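What's counted below: heavy atoms across the whole structure, side chains too, no hydrogens, waters or symmetry copies. Because the structure is predicted, anything quoted here is derived from the model rather than measured.
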Amino acid sequence: MKGRSVKLKEAHKNDGVASFCSVLYDLQGHHLVTSCSALAEVSIHGLLEPSEAPNVLRQHKDGVTALALNFNSTCLASGSVDHSVKLYKFPAGEFQSNVTRFTLPIRSLAFNKSGTLLAAAGDDEGIKLIATIDGSISRVLKGHKGPVTGIAFDPANDYLVSVDGTGTVIFWEVSSGNLIHTLTSVAPNFGMDTSIMNVLNWSPDGEIVAVPGLKNDVVMYDRDTAEKLFSLRGDHEQPICFLSWSPNGKYMATSSLDRQVLIWDIDQRQDIHRQKFEDRISCLAWKPTGNALAVIDVMGKFGVWESPVPSRMKSPTDGVPCLEANGCNGLLFFDDGNEEPSASGSLDGIGQESLSESFPTRRKRLRKKASFDEALDGYSEDEVDSSHKVDLYKKTLNKRRETSKSKRESQDLPKLTKPKLQDAFQPGSTAPQVGKRHFLCYNMLGSITSIQNDGYCHIEIDFHDTGRGPRVSSMTDHFGFTMASLNESGSVFANPRKGEKSMSTLMYRPFSSWANNSEWSMRFEEEEVKAVALGDSWVAAITDLNFLRVFSVGGLQRHIISLDGPVLTAAGFKDELAIVTHASDCFPSGDAVLKFKVFNIANGTQPIGGHLSLTPGACLSWFGFSEEGYLSSYDSKGVLRVFTSLYGGTWLPVFSASKERNSELESYWVVGLNSSKLFCVVCKSPDLYPMVVPKPVLTLLNLSFPLASSDLGPNDLENELMMNNLYLSQTQKKIEERVAAGLDTTTLDDEAFSIEAALDRCILRLIASCCNGDKLVRATELAQMLSLEKSLKGAIKLVTALKLPILAERFNGILEERLSNDSLNGVIINAAEAKGATSCSGIRRASEPITPVLVPKFAPSALEKQGKTEENGSIRKEGENLKAAVVCRDESQPSKSYQQTNPFSKAKDNIEKPAKIAKVAREEIQSTTNSDLSVKDSKDQKLRPKNPFAKANINQERSSFFDSIKKKVDKEMK
């Protein structure tokens with residue numbers, strides 16, 4: 001809901017420099033107090049006679065950064081960049097005293113409810129508790145590791161909460177000064193920008209602390225346990241920089257870096273009113289006696305927003321206890337107690353109240369007294385002494401608090417289960433800014449930018465490589481496009497509906513075409529486009545009706561598919577379209593439940609799909625394909641994941657920003673990635689995305705798994721091992737796809753072999769590291785992962801040089817087993833082919849099964865790859881030879897098959913031993929005639945590439961490779 005705009009007038013002239021400005025109402029709502037961190041002045045504005053000039057107080061020597069009024073609005077405190085805190089009489093503005101000085105600028109002030117204490121904090125990280133009766137410092141609280149920007153006493157004066165510039169919130173016990181709870185990095189980190197202050201605030205009943213969250217939301221914490229209760233999350237597009245409770249605690253006002261002010265209904269957990277301002281609102285204050293909200297922006301302009309809560313709803317002052325009819329100096333009657341200052345100004349008496357007859361009755365709370373009197377019913381004055389009165393009073397107060405808290409929790413419980421779903425977004429887009437360009441799309445190819453001007457937008461398309469991409473003229477946008485996508489052949493745009501009668505529009509612009517009028521557009525009635533994507537020969541739009549609409553590049557409507565949830569984002573790559581949708585409502589913790597699907601538009605298939613992994617507490621920030629076509633995602637916690645076919649389809653975390661960034665102020669805005677690098681723009685807090693001007697500078701970061709700290713030291717080698725395994729699995733999947741399509745795989749075979757060689761080199765370095773660290777079992781596991789014979793022999797030489805004979809013997813056993821299996825492979829295949837040539841050449845009974853025989857062997861080597869013929873006819877012959885590797889058995893003989901051994905996996909007990917395999921091989925050889933076998937062998941010798949690791953005669957006696965090494969070692973020892 002949007003009402004009339006709020007008119008602001010100048011309160012302080014800060015020369016156009018953004019500064020933190022403050023505003024306060026007094027208790028009766030007759031005055032407003034304002035200040036600016038760029039000016040050494042405090043202004044008191046009379047609202048009863050607005051034509052009069054404000055009363056300006058100029059006691060400070062530098063900018064005023066903090067203001068505070070005591071509960072009955074008789075004393076005003078101000079803190080400044082000049083390191084001092086001053087007190088004034090209010091509303092006259094008469095200077096009273098300097099109460100304390102700091103070594104660095106003051107950032108926050110707060111009175112307790114009784115006015116006996118003033119808390120002051122600033123850049124020196126300490127919090128001073130000052131007794132207002134004599135100005136003495138009662139206690140200094142230390143625990144923050146950054147400038148303290150927000151402090152607040154709870155209404156019962158039991159706790160003080162504080163927040164610093166790094167986003168850490170601390171709960172302190174006022175009476176003892178002890179640190180009770182610490183919540184690390186729960187609020188935004190605004191860095192060194194002093195025009196923004198992290199703030200927090202207690203609810204009027206003192207049961208909840210409201211803190212700005214990390215998801216552009218407000219998070220509510222319990223007063224006693226500091227546990228998260230719920231959060232308010234709406235249409236703020238950037239972090240919240242100020243918040244304020246209404247006098248009755250039913251509403252809250254929040255301002256954000258996006259220059260919006262939202263009014264929230266606490267019970268409904270949703271925003272009910274909003275205003276957009278020209279500049280960021282730095283401070284808010286509810287009027288204690290009416291439906292009004294005072295605001296002041298970072299340029300020193302202030303105003304009053306009348307009726308921020310719609311008139312159809314309860315007033316923000318409904319339910320607030322009225323002033324006593326007999327007069328009580330303006331004090332409100334709350335449930336919680338007030339304390340009188342001790343004579344010495346210390347904290348010894350805080351949290352305790354004397355119940356003797358001599359205690360001033362004007363300081364007692366009416367509700368508390370009534371509850372106390374009820375607790376004493378049935379007791380005579382003789383039976384109840386002073387100590388009994390105190391005990392009964394405390395028990396009654398605690399019981400009432402627990403009852404109120406349990407009632408509130410029971411009311412809140414059903415509403416905590418439905419956090420708001422993340423809004424749909426376009427990868428590589430940024431939020432619009434008034435008078436500035438913003439990105440509609442930014443990817444590895446180029447960018448699309450837009451700026452609003454006189455009711456329409458001006459769109460420009462730029463390519464990173466100006467010599468590669470086509471020259472595209474700028475475009476005048478009369479539709480108000482808010483989303484776009486870009487590829488080599490064209491661009492697509494879409495806009496949302498702006499009203500009930502308006503329509504959402506989809507428009508496609510090709511960069512080049514043989515036809516003159518190749519641009520086209522589509523209009524959607526009662527339907528709104530939420531995301532768009534582009535491919536080689538298709539254009540896709542996903543709408544709020546959960547429809548996936550696919551068009552050809554010429555504008556032909558090809559498919560309309562119903563999705564199973566609201567869309568979050570979409571991306572395209574060649575023939576593939578990837579879509580992320582909400583699978584269900586969010587978890588009570590606020591974590592989203594997302595699913596993804598990949599459609600092959602050309603084939604009309606859906607090759608993969610499943611759940612999208614996110615870091616707990618994170619939302620999706622970027623989604624798309626790598627340059628090689630692998631599906632990738634990046635969340636708000638800085639974790640980049642790539643989808644692989646391992647284990648039936650899993651997301652692998654290949655990058656973590658927490659391990660890469662130099663400071664907590666850095667964040668990464670993802671543009672794209674390739675097989676080894678992440679392309680991003682480094683943003684400094686509070687910026688979450690780059691500006692169009694100046695042109696963003698791309699930063700290349702190495703992909704790296706977030707590995708645990710190894711007992712062998714740095715994880716570079718283990719990371720390289722896992723990365724190479726990932727590349728190898730991806731390449732092998734491509735080979736399988738090309739084989740299934742009947743295409744040549746020679747180039748991919750060479751690429752796979754290069755990766756295997758690099759993998760072996762990495763494994764050898766890891767073996768050396770394990771040997772030096774005395775991790776011999778780990779070294780043996782690594783040796784079993786070697787894929788080349790040459791690499792395994794190199795490992796044997798390595799451990800021999802390191803004088804580890806036991807390890808060398810184990811490595812030699814692995815080598816001998818590999819060679820034996822490889823030799824048997826050649827024999828069995830020859831026998832199978834020979835028998836297939838004789839018995840299968842005749843008439844075979846239909847019921848007779850055909851059992852393929854596969855034998856373990858080394859991974860393909862370079863010589864094997866060279867053995868592949870480049871002629872298409874030869875390739876077909878090799879395929880026929882592989883089909884002929886079938887053993888036809890008699891019905892009386894049981895069929896036997898041999899599974900191929902994965903050289904990367906550990907040996908299992910149920911694998912058939914080489915002796916058994918040899919026995920089967922002899923049976924097959926005996927069933928084959930010598931003449932046919934010799935002919936088949938001579939023919940296979942020409943058609944099939946030789947195995948470089950197979951020995952000429954398996955029956956030839958072999959000497960142990962370890963025996964030769966042992967002899968050399970013995971000779972050296974002598």
Engineer: Just distance, no hydrogens or angles: give the donor-acceptor pairs under 3.5 Å from side chains in residues 733-740, sequence neighbours left out.
Structural biologist:
unit_1	atom_1	unit_2	atom_2	d
Lys733	NZ	Glu737	OE2	2.6
Arg738	NE	Asp744	O	3.0
Arg738	NH2	Asp744	O	3.3

Engineer: Is there a side-chain contact between Val593 and Asp585 in this structure, where contact means two heavy atoms from C-beta onward sitting under 4.5 Å apart?
Structural biologist: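 The answer is no, as the side chains (C-beta and beyond) never meet within the 4.5 Å cut-off.
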
Engineer: Hey, does Val169 have a side-chain heavy atom less than 4.5 Å from the side chain of His181?
Structural biologist: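 Counting from C-beta outward, His181 and Val169 never come under 4.5 Å.
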
Engineer: Is a side-chain donor or acceptor of Asp123 paired with a backbone partner of Leu104 at a separation under 3.5 angstrom?
Structural biologist: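 No, Asp123 side chain to Leu104 backbone: no donor-acceptor pair under 3.5 Å.
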
Engineer: Is any side-chain heavy atom of Trp172 closer than 4.5 Å to a side-chain heavy atom of Leu179?
Structural biologist: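 Trp172 reaches Leu179 side chain to side chain.
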
Engineer: Just by modelled atom types, is the Asp749 backbone N or O under 3.5 Å from a matching donor or acceptor in the Thr745 side chain?
Structural biologist: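 Side chain of Thr745 to backbone of Asp749: no pair is present.
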
Engineer: Distance check, rounded to the nearest 0.5 Å: Asp760 atom CG versus Leu786 atom CG?
Structural biologist: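 It comes to 5.0 Å.
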
Engineer: Please say which of Tyr689, Trp669, Phe679 ends up in a ring pair (Phe, Tyr, Trp, His ring centres under 6.0 Å) with Tyr442.
Structural biologist: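 The residue from Tyr689, Trp669, Phe679 that satisfies ring pair (Phe, Tyr, Trp, His ring centres under 6.0 Å) with Tyr442 turns out to be Trp669.
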
Engineer: Are the side chain of Asn715 and the backbone of Asn719 linked by a donor-acceptor contact shorter than 3.5 Å?
Structural biologist: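 Side chain of Asn715 to backbone of Asn719, a donor-acceptor pair under 3.5 Å: no, none is there.
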
Engineer: Return the set of residues passing side chain to side chain contact (heavy atoms under 4.5 Å, CB included) with Ser633 (not counting sequence neighbours), or none when no residue passes.
Structural biologist: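 Side chain to side chain contact (heavy atoms under 4.5 Å, CB included) list for Ser633, sorted by chain: Leu612, Leu620, Phe623, Arg641, Trp651.
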
Engineer: Can you check whether Leu229's main-chain N or O pairs, donor with acceptor, with Asp222's side chain at less than 3.5 Å?
Structural biologist: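 Absent.
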
Engineer: I'd like to know if the side chain of Lys595 reaches the main chain of Ser584, judged simply by a donor and an acceptor atom lying under 3.5 Å from each other, with no hydrogens or angles considered.
Structural biologist: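 Here the side-chain-to-backbone pair does not exist.
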
Engineer: Within the 4.5 Å heavy-atom criterion, are Val670 and Ser621 side-chain neighbours or not?
Structural biologist: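 The answer is no, as the side chains (C-beta and beyond) never meet within the 4.5 Å cut-off.
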
Engineer: Any donor and acceptor pair, going by atom type alone, linking the side chain of Ser676 with main-chain N or O of Asn674 inside 3.5 Å?
Structural biologist: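 No: the side chain of Ser676 does not pair with the backbone of Asn674.
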
Engineer: So how far is it from Thr569 OG1 to Leu594 CG, rounded to the nearest 0.5 Å?
Structural biologist: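 Going from OG1 on Thr569 over to CG on Leu594, the span is 10.5 Å.
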
Engineer: Rounded to the nearest 0.5 Å, what separates atom CG in Leu665 from atom CZ in Phe190?
Structural biologist: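 Here the interatomic distance stands at 12.0 Å.
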
Engineer: I'd like to check the salt bridge (Lys or Arg N to Asp or Glu O under 4.0 Å) partners of Lys145; sequence neighbours left out, ordered by chain and number.
Structural biologist: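 Counting only residues at least two positions away or on another chain, Lys145 forms no salt bridge (Lys or Arg N to Asp or Glu O under 4.0 Å).
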
Engineer: Cut-off 3.5 Å, side chains only: do Asp164 and Thr166 have a donor facing an acceptor?
Structural biologist: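 Yes - a donor-acceptor pair under 3.5 Å links their side chains.
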
Engineer: Any donor-acceptor pair under 3.5 Å linking the side chain of Asp591 with the backbone of Gly617?
Structural biologist: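 At least one qualifying donor-acceptor pair exists.
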
Engineer: State the CD-OG1 distance between Glu751 and Thr747, to the nearest 0.5 angstrom.
Structural biologist: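 Reported to 0.5 Å precision, the distance equals 9.0 Å.
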
Engineer: Is any side-chain heavy atom of Gln422 less than 4.5 Å from a side-chain heavy atom of His582?
Structural biologist: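 Side-chain contact under 4.5 Å: yes.
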
Engineer: To the nearest 0.5 Å, tell me how far Glu627 CD sits from Ser675 OG.
Structural biologist: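 Reported value, rounded in 0.5 Å steps: 8.5 Å.
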
Engineer: Give a yes or no answer on whether the side chain of Asn812 reaches the backbone of Ala808 with a donor-acceptor pair at less than 3.5 Å.
Structural biologist: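 The answer is no, because no donor-acceptor pair under 3.5 Å joins these two groups.
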
Engineer: Would you check if the side chain of Ser231 reaches a backbone N or O of Arg233 as a donor-acceptor pair within less than 3.5 Å?
Structural biologist: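 Judged by distance alone, no pair lies under 3.5 Å.
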
Engineer: Just how far is it from atom CG of Leu678 to atom OH of Tyr634, taken to the nearest 0.5 Å?
Structural biologist: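 Here the rounded value is 7.0 Å.
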
Engineer: I want to check something: taking the side chain as every heavy atom from C-beta on, are Leu652 and Phe705 in contact at a cut-off of under 4.5 Å?
Structural biologist: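 Yes, side chains in contact.
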
Engineer: So, the side chain of His464 versus the backbone of Asn443: is there a donor-acceptor pair under 3.5 Å, distance only?
Structural biologist: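 Yes, His464 side chain to Asn443 backbone: donor-acceptor pair under 3.5 Å.
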
